[in-house]
Amino acid sequence: PTAPVVTGTAICGGQVVYTYTYKDCAEHTHNWTYTYIIKDSIHPVIDGSIVAQPAVPTGSNCQFKVPNLVDMVRAIASDNCTDRANLTITQSPAAETIMTENTTVTVTVKDWCNNATTTDVIVNMPDPITVSLAHNTTYYLVHYDTTIVVTPNPENSTLYSYVWSTGSTASRISQFFNGSAQYTYA
């Protein structure tokens with residue numbers, strides 16, 4: 001037989017036809033055709049799970065955002081037909097979305113054939129810090145150009161007054177770590 005003539009391409013579905021031509025010693029030819037029907041219905045696999053991830057500080061206003069989870073999921077995803085590097089991985093909510101509370105992020109992995117698998121990853125806001133103050137002492141917390149003065153009430157040992165350099169008297173202090181501490185009033 002001669003080498004087959006191949007017609008059709010099918011990455012995810014469809015058919016590929018191989019046609020072989022046979023010739024006998026009297027120069028008579030006969031074609032033999034074999035058709036492969038291809039259907040990939042196997043979903044990608046996410047081998048394992050991702051532990052809860054911390055929210056990412058935005059660097060301003062004590063806000064936090066959803067981290068990019070694509071590379072983490074790609075590292076544990078695989079498929080029977082699509083190379084790991086070519087898997088399409090998306091997340092919802094998207095990376096960089098501002099968060100106000102602990103958030104469940106759904107990550108979807110799709111192969112070339114649109115077979116999909118999802119996993120959920122919890123993204124946690126940082127715990128608020130607690131400040132313990134000794135009574136009868138005035139504290140000054142300074143960061144950049146903002147200062148808070150915390151003064152105990154001489155008549156009640158459980159009350160304090162709070163005055164920010166901005167004039168606010170809010171008593172809540174929020175803090176996150178991104179190379180340095182940032183305090184703000186709430």
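Positions are given from 1 along the sequence.
- Smallest separation of non-hydrogen atoms from Pro93 and Thr103: CG-CG2, 3.9 Å.
- Interatomic distance, Asn124 CG to Asn102 CG, rounded to the nearest 0.5 Å: 4.5 Å.
- Nearest approach of Ala55 to Met99, heavy atoms of both residues: CB-SD, 3.8 Å.
- We find the CG-CD distance between Leu69 and Gln91 to be 4.5 Å, quoted to the nearest 0.5 Å.
- With rounding to the nearest 0.5 angstrom, the CG atom of Asn115 is 8.5 Å from the CD1 atom of Ile42.
- Taking the side chain as every heavy atom from C-beta outward, Thr88 and Thr82 never approach each other to under 4.5 Å.
- Residue pairs satisfying the side chain to side chain donor-acceptor pair (under 3.5 Å) criterion with at least one member in residues 34-56, sequence neighbours excluded, are listed as follows: Asp40-Asn80.
- At least one side-chain heavy atom of Val16 sits under 4.5 Å from a side-chain heavy atom of Ile38.
- At a threshold of 4.5 Å between side-chain heavy atoms, the hydrophobic network of Ile, Leu, Val, Met, Phe, Trp and Tyr places Val45 and Val73 in two separate groups.
- Minimum heavy-atom separation, Val109 to Ile46: CG2-CD1, 3.8 Å.
- Around atom CD1 of Ile122, no more than 12 heavy atoms belonging to other residues, nucleotides or ligands sit under 6.0 Å away.
- The OG1 atom of Thr100 sits 12.0 Å away from atom CZ of Phe64, with the distance rounded to the nearest 0.5 Å.
- A salt bridge (Lys or Arg N to Asp or Glu O under 4.0 Å) check over residues 96-121, counting only residues at least two apart or in different chains, returns the pairs Lys65-Glu96.
- Across every non-hydrogen atom of Asn68 and Ala95, the tightest pair is CA-CB, 3.6 Å.
- Minimum interatomic distance between Val123 and Pro67 (heavy atoms only, all atoms of both residues): CG1-CD, 3.6 Å.
- Checking side-chain atoms of Thr117 against main-chain N and O of Pro44 turns up a donor-acceptor pair under 3.5 Å.
- Cluster annotation: Ile98 and Val105 are assigned to distinct hydrophobic clusters (Ile/Leu/Val/Met/Phe/Trp/Tyr, side-chain heavy-atom contacts under 4.5 Å, transitive).
- Applying the ring-ring contact (aromatic ring centres under 6.0 Å, His included) test to residues at least two apart or on different chains, none of the pairs has a partner in residues 96-124.
- For Val51 against Val121, the heavy-atom pair with the smallest separation is O-CG1, 4.2 Å.
- At a threshold of 4.5 Å between side-chain heavy atoms, the hydrophobic network of Ile, Leu, Val, Met, Phe, Trp and Tyr places Met72 and Ile76 in one connected group.
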